[in-house]
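Sequential numbering from 1 along the given sequence is applied to the chain's residues. Just the heavy atoms: all of them, side chains too, but no hydrogens, waters or symmetry mates, feed the values below. Note that the structure is predicted; figures quoted are calculated from it, not measured.
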Amino acid sequence: MIRKYSSIGSILFLILACCFWFFSGNLFSMNGFWGGNILLGLFGLSLILAIIGKGILRVLSLVGLLGIAIVVFLFAIGLNGG
């Protein structure tokens with residue numbers, strides 16, 4: 001039962017982190033050091049809960065985290081001119 005709820009929590013933290021990532025610059029001007037720390041914390045909690053969890057929500061959360069990691073990596077390559 002705990003594993004089911006941790007997978008639900010994982011997808012909720014992933015959604016919360018994505019919403020914070022997209023809207024924090026406009027709402028709170030938290031796109032600096034503290035905004036990055038909050039994002040890393042939210043994505044980290046989502047990853048930990050996804051590892052603990054089970055079911056389709058675990059798979060969706062892990063795929064979402066992998067997709068976000070790929071997007072961030074591509075942005076980092078693009079901004080570096082690589």
Listed pairs under 3.5 Å, donor-acceptor, residues 56-75 side chains, sequence neighbours left out:
{"from": "R58", "atom 1": "NE", "to": "A50", "atom 2": "O", "distance (Å)": "3.1"}
{"from": "R58", "atom 1": "NH1", "to": "G53", "atom 2": "O", "distance (Å)": "3.4"}
{"from": "S61", "atom 1": "OG", "to": "S10", "atom 2": "OG", "distance (Å)": "2.5"}
{"from": "S61", "atom 1": "OG", "to": "S46", "atom 2": "OG", "distance (Å)": "3.4"}

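Residues L49 and G9 share a closest heavy-atom pair of CD1-C, 3.8 Å. Taking every heavy atom of both residues into account, L42 and A17 meet most closely at CB-CB, 3.6 Å.
Taken together through direct or relayed side-chain contacts under 4.5 Å among Ile, Leu, Val, Met, Phe, Trp and Tyr, L16 and Y5 form part of one hydrophobic cluster. Side-chain heavy atoms closer than 4.5 Å link hydrophobic residues (I, L, V, M, F, W, Y) into clusters, and following such links, possibly through other members, connects I51 to L45. I48 and L14 fall into different hydrophobic clusters, where Ile, Leu, Val, Met, Phe, Trp and Tyr side chains are chained together by heavy-atom contacts under 4.5 Å.
Other residues, nucleotides and ligands contribute more than 12 heavy atoms inside 6.0 Å of the CZ atom of F43.
With values rounded to the nearest 0.5 angstrom, L39 atom CG is found 5.5 Å from F20 atom CZ.
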